[in-house]
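This report refers to the structure that appears directly beneath it.
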Amino acid sequence: MLWRARHDPAGMMPARPPVPPASRIGLAEVVAFGAGDMGFNIIWGLMLSYLAYFYTEICLLPVQMVGFMLMAARTASLVTDPAVGIWIDRRPAGRQALPLLRGGIVPFIVLVALAFLPLPHGWPVVVRGIGATIGYMALCVAYGVVNTAYGAMTSLISAGHDMRLRLATSRMVGATLGSLLVSIATLPMVDWLGHGDRQVGFALFMVVVACVVGGLLWLPSRFCHERVATDSGDMTVRARVAGLLANRGWRRRCC
């Protein structure tokens, strides 16, 4: 008001419209956000702990082939994950990450169920290995796409440090519960569903897991809202990639 009195004594300049207050972030939204990381950690825990066992002991694939499959999938993620981040950064405000999260849930849970689907032992080893590699690579890419969109939501839901801390805490609680659930329930559920046949048990168990994880990921896609717009600036994709390659921490993590 003092500035207007000095520079506009006649009061002819129109007043700036008030900034609309951000919608309140309630407990339900915070809990729903944490449920998403619970779902992601269920899948991550299963892939880390049981996927190699499933491919070598149940699908009877050679260990060397399984190792190459895991390496190829992680190599694909090194390309897709930064690409998804750049795509989100260039999206319009309010629709940066949520559309990708919502649209990626169904393909992701379908690939989750297919990843532990046993391939017929009558097929040649090379055919089974190629099929398993394609399926696992598709799962890793889908995981990276949906998880990157979900992770970006932390900075898009709120600009306040306290609220971001609450969201991060909710994620940590959800991640811990997901990992604990995998370690406790996986093998007992596999044996119970398959009646001792782990080939059948894993297939049925992953269908159940896909449904549960789909529901957990639906919660943040339904109850969380984007309130903060990120400034992508005028930096080109080439400059972003060059900056990424110049990041020592990122290079160390990749290697």
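Residues satisfying the side chain to side chain contact (heavy atoms under 4.5 Å, CB included) criterion with E57, sequence neighbours excluded, are Y53. By the side-chain hydrogen bond (donor to acceptor under 3.5 Å, both in side chains) test, D191 pairs with R198, sequence neighbours left out. Judged as a side chain to side chain contact (heavy atoms under 4.5 Å, CB included), and not counting sequence neighbours, A168 has no contacts. Residues meeting the side chain to side chain contact (heavy atoms under 4.5 Å, CB included) test with N41, sequence neighbours left out: D37, A175, S179.
Under a hydrophobic-cluster definition in which Ile, Leu, Val, Met, Phe, Trp and Tyr are linked whenever side-chain heavy atoms come within less than 4.5 Å, directly or via other members, F205 and L117 are assigned to different clusters. Hydrophobic clustering, with ILVMFWY side chains joined whenever heavy atoms are under 4.5 angstrom apart, keeps I43 apart from M172.
Atom CZ of R171 and atom OH of Y150 lie 5.0 Å apart (nearest 0.5 Å). Here I42 contributes atom CD1 and F40 contributes atom CZ; the two are 11.5 Å apart, rounded to the nearest 0.5 Å.
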Run the side-chain contact (heavy atoms from CB on, under 4.5 Å) test on V209 and F116 for me, step by step, so that the C-alpha distance in whole Å, both residues' side-chain angles and the decisive distance to 0.1 Å come before the verdict. CA-CA 11 Å; V209 168; F116 283 82; over 6 Å; no
Check against side-chain contact (heavy atoms from CB on, under 4.5 Å), L119 and L61: CA-CA 10 Å; L119 300 174; L61 296 177; 5.8 Å; no
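When hydrophobic side chains of Ile, Leu, Val, Met, Phe, Trp and Tyr are connected at separations under 4.5 Å, L27 ends up clustered with V31. Cluster note: I134 groups with V126, I130 through ILVMFWY side-chain heavy atoms spaced under 4.5 Å, whether in direct contact or through intervening members.
Judged by distance alone, the side chain of T169 and the main-chain N or O of L165 form a donor-acceptor pair under 3.5 Å. Y50 places no side-chain N or O within donor-acceptor distance of the main-chain N or O of G45, the cut-off being under 3.5 Å.
The closest side-chain heavy-atom distance from M65 to Y55 is not below 4.5 Å.
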